Asks: 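Once you've had a glance at the structure underneath, I'll fire off some questions.
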Amino acid sequence: MVTIVAGKIRAGIVGATGMVGQRFITLLENHPYFEVTALAASARSAGTKYTDAVGDRWKLSCEIPAYARDMVVMDAADIAAMKEKVDFIFCAVDMKKDAVIAMEEAYAKAELPVISNNSANRWTPDVPMLIPEINDGHAAVIADQKKRLGTTRGFIAVKPNCSIQSYVPMLTPLRKFGVRQVVVSTYQAISGAGKTFREMPEIVDNVIPFIGGEEEKSEREPLRIWGEYKDGVIVPAEDTIITSQCIRVPVLDGHMATVFVNFENKPTKEQILSEWKAFKGLPQTLGLPHAPEQFITYFEEDNRPQTHLDRDICGGMGVSAGRLREDTLFDWKFVGLSHNTLRGAAGGALLSAELLYKLGYLDV
C-alpha cells in the first residue's frame with residue numbers, strides 16, 4: 001500500500017521492470033517533490049507484485065526499496081487506469097520507435113506529462129530534449145507542443161543519449177570560442193545496453209567496436225541540445241561538425257569519451273579550465289535535489305578520470321574531465337566521463353522533471 005504524502009506530486013514509472021526503470025525506483029525513494037504511486041510494465045507483468053514481476057532480473061547492487069516491493073504492477077497500456085493514480089509519468093519502455101511515440105503521445109493527450117528516457121521523440125521538433133544545465137530555455141517549446149496535441153497540461157519532454165553526457169557538458173561553455181570540428185570516440189558500459197556481466201558474457205575480455213545507432217546519436221544530438229527555440233520548434237545548431245566512433249567495453253557502468261576539438265578562436269588551457277570550473281546552470285541556481293554542486297570536475301592527474309573511481313562523482317550526476325592537452329592535428333584534446341544510468345539516463349530524466357516542476361510545468 002502506498003501512502004501519499006501531502007503536497008507531493010504523484011509519479012508513475014512506465015517500464016518499471018527494466019534497468020532504467022529500476023534506477024527510477026531507487027532515485028525516487030523519499031523524493032522531496034514526487035511520490036511514486038504506480039509502477040507499470042507490459043501486460044505479462046501486470047497484476048503481480050513488483051518483486052515477483054522483476055524476479056531475478058533486479059540488476060542494481062542495492063535492494064529493491066521497501067516502498068516498491070509489494071506494489072502491484074499495472075499494464076502500461078491501460079492509460080485510463082494510470083490516470084487515476086498518477087499526475088505524470090517517467091517512461092523507460094523497451095519497445096519499437098513507432099510504438100513508443102504512440103504510447104507517449106497517448107499519455108500526453110490524457111493530460112499526463114511524460115518525462116521520457118526513450119529516444120523515439122528526441123527529434124520531434126516541438127519536444128524539448130533537455131540537459132537541464134545547458135538548455136533549460138528549450139522548455140518554452142512545450143507550449144507549442146500542447147497546441148499540436150490539443151492538451152492543457154499533457155506534454156512530452158525527453159533526455160538525450162547517455163553517451164553525449166560525457167563530452168557535451170565540456171564543449172558547451174567553450175562554444176563562445178567557436179567550436180567548429182569535433183572528433184569523439186565513446187567507450188560505453190554494458191549497462192547502456194541494459195545488461196550485466198551475467199547477461200553479456202561475450203563482453204568479458206573483449207571489446208565490441210559497434211553499437212547500433214550510437215554514432216548517429218553522438219553526432220546529431222549535441223546539435224539539437226545547442227539549438228535555438230524558434231517559430232514553435234527547436235532548430236538544431238549548424239556551426240559545429242561532429243564525427244564519432246562508439247565502442248562497447250567490459251565495464252558495468254560509466255561512459256568515457258576521448259575528444260579532439262578545433263576552434264575558430266583557440267582558447268588557452270587556463271581559459272578552458274576556468275570555463276569548466278565556473279560552468280553551472282539553472283539546476284544549481286535553484287538547488288534542485290539531483291543537481292550536482294559541481295557540474296564539471298577536472299582531474300589534474302594523468303591517469304584520471306577513471307571509470308571505476310570517478311563515475312559516481314556527485315552521486316553519479318556530475319561529469320568528469322581530464323588529460324586536457326594540445327594536439328598535433330587539432331587545437332585541444334581531453335577525456336570525459338559520465339555515469340550512463342544516472343546522469344545519462346534515469347538521473348538525467350529526474351533532474352529534468354525537477355526543473356520542469358520548479359518552472360510550473362507539472363502543476364496539478
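Note that the coordinates shown come from a computational prediction; the quantities given were computed from them, not determined experimentally. Heads up: numbering here begins at 1 and tracks the sequence.
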Asks: Is the number of heavy atoms from other residues, nucleotides or ligands under 6.0 Å of Glu301 CD greater than 12?
Replies: yes
Asks: According to the side-chain hydrogen bond (donor to acceptor under 3.5 Å, both in side chains) rule, which pairs have a member within residues 284-294, sequence neighbours left out?
Replies: Glu133-Gln284, His290-Glu354
Asks: What's the verdict on salt bridge (charged side-chain N to carboxylate O under 4.0 Å, His left out) for Lys217 and Glu214, showing C-alpha distance, side-chain angles and the deciding distance?
Replies: CA-CA 5 Å; Lys217 295 173 186 176; Glu214 287 292 296; 3.8 Å; yes
Asks: Mind telling me whether Tyr50 and Trp58 have parallel, tilted or perpendicular rings, with 30° and 60° as the class edges?
Replies: perpendicular
Asks: Between Thr186 and Gln188, is there a side-chain donor-acceptor contact under 3.5 Å, judged purely by atom types and distance?
Replies: yes
Asks: For Lys176, which residues count as a salt bridge (charged side-chain N to carboxylate O under 4.0 Å, His left out) partner, sequence neighbours excluded?
Replies: Glu275
Asks: Give me the one residue out of Ile89, Val93, Asn118 that meets side-chain contact (heavy atoms from CB on, under 4.5 Å) with Glu104.
Replies: Asn118
Asks: Under the 4.5 Å side-chain heavy-atom rule for ILVMFWY, direct or indirect, which residues accompany Ile203?
Replies: Ile190, Phe197, Met200, Val204, Ile208, Leu252
Asks: Nearest 0.5 Å, please: how far is OG1 in Thr297 from CD1 in Ile313?
Replies: 3.5 Å
Asks: Please step through side-chain hydrogen bond (donor to acceptor under 3.5 Å, both in side chains) for the pair Ser191 and Asp253, ending with a clear verdict.
Replies: CA-CA 6 Å; Ser191 58; Asp253 293 312; 2.7 Å; yes
Asks: Counting only heavy atoms not in Asn303, do more than 12 sit closer than 6.0 Å to its CG atom?
Replies: yes
Asks: With a 4.0 Å cut-off on N to O distance, would you call Asp87 and Arg10 a salt bridge?
Replies: yes
Asks: When the aromatic ring centroids of Phe177 and Trp332 are compared, is their separation below 6.0 Å?
Replies: no
Asks: Restricting to non-hydrogen atoms, name the atom on Lys195 and the atom on Met19 that form the minimum distance, rounded to 0.1 Å.
Replies: O-CE, 3.7 Å
Asks: Which residues satisfy the ring-ring contact (aromatic ring centres under 6.0 Å, His included) test with Phe88, sequence neighbours excluded?
Replies: Phe34, Phe90
Asks: Identify whether the distance between the nearest side-chain nitrogen and carboxylate oxygen of Asp126 and Lys146 falls below 4.0 Å.
Replies: no
Asks: Between Lys159 and Ile131, is there a side-chain heavy-atom distance shorter than 4.5 Å?
Replies: no
Asks: Between Glu111 and Arg153, does a salt bridge (charged side-chain N to carboxylate O under 4.0 Å, His left out) hold up when you go through it step by step?
Replies: CA-CA 5 Å; Glu111 301 293 358; Arg153 185 172 178 271; over 6 Å; no
Asks: Answer yes when Lys59 and Glu199 have at least one side-chain N-carboxylate O distance shorter than 4.0 Å, and no when they do not.
Replies: yes
Asks: Decide if atom CD1 of Ile241 counts as having more than 12 heavy atoms of other residues, nucleotides or ligands within a radius under 6.0 Å.
Replies: no
Asks: When hydrophobic residues are tied together by side-chain contacts of less than 4.5 Å, even through go-betweens, does Phe334 share a cluster with Ile242?
Replies: yes
Asks: Checking side-chain contact (heavy atoms from CB on, under 4.5 Å) between Ser338 and each of Ser166, Ser320, Pro305, which is the one that passes?
Replies: Ser166
Asks: Nearest 0.5 Å, please: how far is CD1 in Ile234 from CG in Leu223?
Replies: 13.5 Å
Asks: Mind checking what makes salt bridge (charged side-chain N to carboxylate O under 4.0 Å, His left out) contact with Asp144, not counting sequence neighbours?
Replies: none
Asks: Could you check whether atom CZ of Arg180 has more than 12 heavy atoms from other residues, nucleotides or ligands sitting under 6.0 Å from it?
Replies: yes
Asks: Test salt bridge (charged side-chain N to carboxylate O under 4.0 Å, His left out) on Arg248 and Glu202 and set out the steps.
Replies: CA-CA 11 Å; Arg248 188 75 72 194; Glu202 67 272 20; over 6 Å; no
Asks: Any chance the side chains of Gln245 and Glu215 put a donor and an acceptor closer than 3.5 Å?
Replies: no
Asks: Answer yes or no on whether Arg175 is positioned over the face of Trp226, meaning its NZ or CZ is under 6.0 Å from the six-membered ring centre and within 45° of the axis.
Replies: yes
Asks: Could you measure the distance from the NZ atom of Lys266 to the CD atom of Gln271? Nearest 0.5 Å is fine.
Replies: 11.5 Å
Asks: Between Thr341 and Arg23, is the side-chain hydrogen bond (donor to acceptor under 3.5 Å, both in side chains) condition met? List the steps.
Replies: CA-CA 7 Å; Thr341 67; Arg23 281 288 189 196; 2.9 Å; yes
Asks: Can you confirm whether more than 12 heavy atoms, excluding those of Asp94, are under 6.0 Å from its CG atom?
Replies: no
Asks: Who pairs with Glu84 by salt bridge (charged side-chain N to carboxylate O under 4.0 Å, His left out), at least two apart in sequence or on another chain?
Replies: none
